[in-house]
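Each remark here refers to the structure printed beneath this line.
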Amino acid sequence: MERVLAYLQEVKYYGKAVLLSLEAPGVAAEAVPGQFVQVLCGRDSPRVLRRPFSIFSAKAGRILLLSKVVGKGTSWLAELKAGEQVDLIGPLGRGFAMDEGDRPALVAGGAGIAPLHFLAERLMERRTEPSLYWGLDLGEEFGELPALLGKRFRLFMCSRDGCLGERGTVVEALAREKEPEFNAVYACGPREMLGALAKEIKGANLPFQLSLEERMACGVGACQGCAVPIRSARPAYSRVCKDGPVFRFEEIDWRAYFGGS
Amino acid sequence: MVDLRVNLAGIELPNPVLMASGVFGTGTEYRELLEVGRLGGIISKAVTLEPCPGNPPPRIWETPCGMLNSIGLQNKGLEAFLEEDLPALLSHGIPIIANVAGFSEEEYLEVARRLDGIGEIRGIELNISCPNVARGGIHFGAEASSVVNLVARVREVYNGVLLVKLSPQVYDIGEIARAAVEGGADALSLVNTFPGMAVDVETWKPRLASVTGGLSGPAIHPLAVRAVWEVAQVVNRPILAMGGISGWEQAVEMLLVGATAVAVGTAIFTDPLTPLGILEGLENYLERMGIASPEELKGKIRL
């Protein structure tokens, strides 16, 4: 973990998202899929809390971050120009365990593609070819990015509006596979998607890891802000930033997780 | 030459910039981001007698120039604190103050009793101001009579330096401060967070699962300065000031209105180097002003 002022080398726009390429050799060398960085958004009067971004890719001294523009922090990021500096801390958290199965399914919802893209790259380097399922609300949300990923990975797209790939959710698409091709599942996406996915594959008894999101303050495990309920005899919480963001399915108290908000 | 050492009610601090309770863990979490050993001290996360799971998430919401939190005193309990956290806190070689909380008077007393005589802990900060629990916390700190009573009972069982951390959410904070001193407080810590609330206008739900939380960060700084100023007028005890301190200027403001030392909270999330930046800024400022010690600034506001 380190705090760096990383030079922004390139900004690419994909639909409503932006892909930032940042020069951060230390972070890039250390990072494993599923880990994240905490980005300080805003320069002269920065946001009080840093924004966590899962690492989209890390190689050759650079990290890539994918951001959808959702609020003030992310719109600041989207307006950055190459050559500017970004204050970030990372890599943070616990990443994915990668030796779970030789036919993994990677299931992403929206910007949840970021850690799974990094995972897919690292799995390919290990000669494990994953199946990547990526669901979007709107087919155009990520512009050309799905098409680009489709050239590099075995990618199944779906969109709720039906404008890209199959119409419907990524979990519905996965469920339609009569004989599942996969023997491990990795997922990242909105709460509803993770819930539907958990229901769908509950009985299959597959290794299942998920990267979770929560509002975060310190990012390093000190403040207990980003709590996630875990299975335990008494109510108990783990920290998304330090104990996660990647958890095993069986670690989470799902009833509390969905009841909690 | 500037000498940054200060004496807080008998606690010799290497400098007047500490880390506030609840933001810094055991300090080891931040070890790769700043030289923890250069800080003036660390106030631990609140310790309760039994392990406390804390509140359901979401516990955090950013607000303009601040944040709301409702952690709910999550901690491992006294036993694990002594076994696991205390050695980690002490590993930095700087003064450690334990923040003590409880859900009943007996719990406060038991924790204080057990910490009494542990010489490595330089003092306790009695947390009668947590806004995020249904019992205990702020409910002990809202009325002068209950403050006198609780502090006096803790005083009977705890012989080390006793700080009492006050809530700003009272009608007359000076009166509460006087009550803490009457009970036997050696020093006062202020302010804890202000009760606050935020609502998601799309879902019509509160931003925090526990509905309300504590507001901290630069937004509350002027409110905290005023509270420290009020208290400094009416009690003759050292004050450890916190509330939105994110730069050396805010630290100096606190000293000028009567604080002996300051603690950094939320600002560590924005920039982990904040406390060291404050330290450098303070040193430069004192040099520039030709002042030898931060204690010489104490209460020097010109009215």
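As the structure is a prediction and not an experimental result, all values here were calculated from the model. Just so it is clear: chains get the letters A, B, ... in the order the sequence lines come, proteins before strands, and each one is counted from 1.
- If you tally non-hydrogen atom pairs under 4.5 Å between each of B:Val23, B:Asn55, B:Thr26, B:Thr266 and chain A, the highest count goes to B:Asn55.
- Residue A:Arg160 places its CZ atom among 12 or fewer non-hydrogen atoms of other residues, nucleotides or ligands, all under 6.0 Å distant.
- The two atoms that bring A:Arg3 and B:Pro272 nearest to each other are NH1-CD, 4.1 Å, heavy atoms only.
- Looking at B:Pro64, there are no atoms closer than 4.5 Å to chain A (heavy atoms on both sides), in backbone or side chain.
- Taking each heavy atom of B:Thr270 and A:Pro46 in turn, the nearest pair found is CG2-CG, 4.3 Å.
- When side chains are defined from C-beta on, A:Leu49 counts as touching B:Ile60, because their heavy atoms get closer than 4.5 Å.
- For chain B, the nearby parts of A:Pro235 are the backbone and the side chain; heavy atoms of each come within less than 4.5 Å.
- Heavy atoms closer than 4.5 Å to chain A are found nowhere in B:Leu34, neither backbone nor side chain.
- A 6.0 Å sphere centred on OH of A:Tyr7 holds no more than 12 heavy atoms belonging to other residues, nucleotides or ligands.
- For the side-chain contact (heavy atoms from CB on, under 4.5 Å) test with B:Arg59, the passing option among A:Gln224, A:Arg215, A:Glu214 is A:Gln224; the others fail.
- In this structure the side chain of A:Tyr237 reaches within 4.5 angstrom of the side chain of B:Pro56, judged on heavy atoms.
- Heavy-atom distances place both the backbone and the side chain of B:Asp271 under 4.5 Å from chain A.
- Although no hydrogens or angles enter the test, the distance criterion places no donor-acceptor pair under 3.5 Å between the side chain of B:Glu29 and the main chain of A:Val220.
- For B:Arg226, the CZ atom sits in a loose shell: 12 or fewer heavy atoms of surrounding residues, nucleotides or ligands are nearer than 6.0 Å.
- With contacts defined as side-chain heavy-atom distances shorter than 4.5 Å, the pair B:Phe269/A:Arg50 does not qualify.
- More than 12 non-hydrogen atoms from other residues, nucleotides or ligands lie less than 6.0 angstrom from CD of A:Glu2.
- Here the side chains of B:Glu62 and A:Arg51 are in contact, with some heavy-atom distance below 4.5 Å.
- Residues B:Pro57 and A:Ala227 share a closest heavy-atom pair of CG-O, 3.1 Å.
- Residue B:Lys76 places its NZ atom among more than 12 non-hydrogen atoms of other residues, nucleotides or ligands, all under 6.0 Å distant.
- The contact between A:Arg47 and chain B is made by backbone and side chain atoms together, counting heavy-atom distances below 4.5 Å.
- When A:Asp87, A:Val228, A:Ile89, A:Val48 are compared by the number of non-hydrogen pairs under 4.5 Å with chain B, A:Val48 comes out ahead.
- When each of A:Cys226, A:Ser232, A:Cys218 is checked for heavy-atom pairs under 4.5 Å with chain B, A:Cys218 comes out on top.
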